[in-house]
Number of protein chains: 2
Amino acid sequence: MSETEEPNESLPQQMRSFEEACRDANLKLTHQRLEIYRELASATDHPSAETLHRRLQKAMPTLSLDTVYRTLATFEQHHLIKKVQTVDSQARYEARMIQHHHLICDTCKEIMDFYWTSFDASSVPEDIQAWGSIKNKNVTLYGTCRKCQAMKKGGNPA
Amino acid sequence: MSETEEPNESLPQQMRSFEEACRDANLKLTHQRLEIYRELASATDHPSAETLHRRLQKAMPTLSLDTVYRTLATFEQHHLIKKVQTVDSQARYEARMIQHHHLICDTCKEIMDFYWTSFDASSVPEDIQAWGSIKNKNVTLYGTCRKCQAMKKGGNPA
DNA sequence: CTTGGAGATAAGAATAATTCTTACGGTGAT
DNA sequence: ATCACCGTAAGAATTATTCTTATCTCCAAG
């Protein structure tokens, strides 16, 4: 039952960890950086730089797309966020740094996080050790989410 | 012991399956398509379009990069090859369509295939079923390969 | 074995995603 | 309050990929 339970961290808590990490890394706490991080940390959909920029422009009309790209790249270099592996042309990001896995819907392309503690605890096949040392294990599940299944069955009344 | 053993298919055999699949899909068997497929099927390093183009140019000097892109896209649409998920800016491809997983070296960025039949046979956490139906499960392992480990220890005598 | 026509290719132009350059402005140590 | 440093905005530049168009190739039917 706790196999796939979400380990929770509140946004304010996450922002404090972030600010501390920035100070440790000698990154100045600018308004732009704080807002870009807050927006990414609040999102559940693994947004691209452009998506984040669009969402932030309402509150920060002068924010440039380049700053979003540059800031995300800086965060990634300091391991404050991660680039998500996709086959899309646009890179997508996530602020969730704890061990988790991804579910991808082949229809709406949405990426969901999930947790799988028994997999995390298990070891990989022995032969793999001949290749080198493993630091991280990630599972990606592909399928169709309930929403898209329903749309296909009922037909899309667009 | 057979847990991670490689299911083998010879290149000529794979070429014949490919030609048959093209005929089934009404794709003409052009010289370019055959050579691009052969090159990809022979490669073990999940090359990008540009890499394939570079390798093929020796034998086919007039082959355009656009043809490589277009042909790979066509193959992918017909499920004859796959785009590999990466965080690189260039897309990378593979011709291996049977179930397998990836090992990625964080240093040299090389992508290796591996097999894990017991994982393939296992089922995912129950809660996942609430999300939708799963069609595919893939594992990506990150680490450092022996070659790069050795280079780090001994220093790089370049 | 020729031929017609659909579909594929080459070349160069165009677009999309991301990064660089430069001048300016804000941050935080003093 | 001041200054040096680093971050930002704006526009130009690069890189990856795709489109346009004229030409060419494959292959089925004569």
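Numbered from 1 within each chain, the chains take letters A, B, ... in sequence-line order.
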Can you tell me how far P of C:dA16 sits from OH of A:Tyr69, to the nearest Å?
12 Å
To the nearest Å, how far apart are A:Leu29 CG and C:dA29 P?
11 Å
Return the orientation label for the B:Phe119 and A:Trp116 ring planes: parallel under 30°, perpendicular over 60°, tilted otherwise.
tilted
Just grab all the salt bridge (charged side-chain N to carboxylate O under 4.0 Å, His left out) pairs involving residues 14-28 of chain A, residues at least two apart or on different chains.
none
Could you tell me how far apart B:Glu35 (CD) and C:dT9 (C1') are, to the nearest whole angstrom?
15 Å
Near-ring test A:Tyr93/A:Phe75, centroid separation under 6.0 angstrom:
no
d(CG, B:Leu56; P, C:dA10) in whole Å
11 Å
For chain B, the stretch of DNA chain D it reaches, first to last nucleotide, under 4.0 Å of its heavy atoms
D:dA16 to D:dC27
Whole angstrom value for the distance that separates P of C:dG7 from CG of B:Leu27:
11 Å
Regarding B:Ala91, tell me which of base, sugar-phosphate or nothing describes its non-hydrogen contacts under 4.0 Å with the strands shown.
sugar-phosphate
Using five pairs at either end of the helix from C:dC1-D:dG30 to C:dT30-D:dA1, determine the angle between the two local helix axes and round it to 10 degrees.
40°
Please give, in whole Å, the distance from C:dG5 C1' to B:Asn26 CG?
15 Å
Ion pair B:Asp120/B:Lys137, N-O distance below 4.0 Å:
no
Salt bridge (charged side-chain N to carboxylate O under 4.0 Å, His left out) with B:Lys58: which residues, sequence neighbours excluded?
none
Restricting to pairs with a member in residues 127-146 of chain B, which pass ring pair (Phe, Tyr, Trp, His ring centres under 6.0 Å), not counting sequence neighbours?
none
Do B:Arg55 and B:Asp45 meet the salt-bridge criterion of a basic N to acidic O distance under 4.0 Å?
yes
Remember a base hit wins even if backbone is also touched, and classify A:Ser48 as base, sugar-phosphate or nothing at under 4.0 Å, heavy atoms.
nothing
Of A:Pro61 and B:Gln90, the one whose nearest nucleotide on DNA chain D sits closer to the 5' end is A:Pro61
Both B:Thr62 and B:Ser89 contact DNA chain C. Taking the nearest nucleotide for each, which residue is further toward the 5' end?
B:Thr62
Phosphate contact (C:dT9 OP1 or OP2) by B:Arg70 side-chain N/O below 4.0 Å:
yes
With nearest nucleotides of DNA chain D determined for A:Asp66 and A:Thr74 from heavy-atom distances, which residue corresponds to the more 5′ nucleotide?
A:Thr74
Atom pair distance, as rounded to whole Å: CE in A:Met60 and C1' in C:dG26
13 Å
Atom pair distance, as rounded to whole Å: CD in A:Glu50 and P in C:dA16
10 Å
Just checking A:His53 against A:Tyr69, ring centres under 6.0 Å apart?
no
A:Arg92: partners by salt bridge (charged side-chain N to carboxylate O under 4.0 Å, His left out), with sequence neighbours left out:
A:Asp88
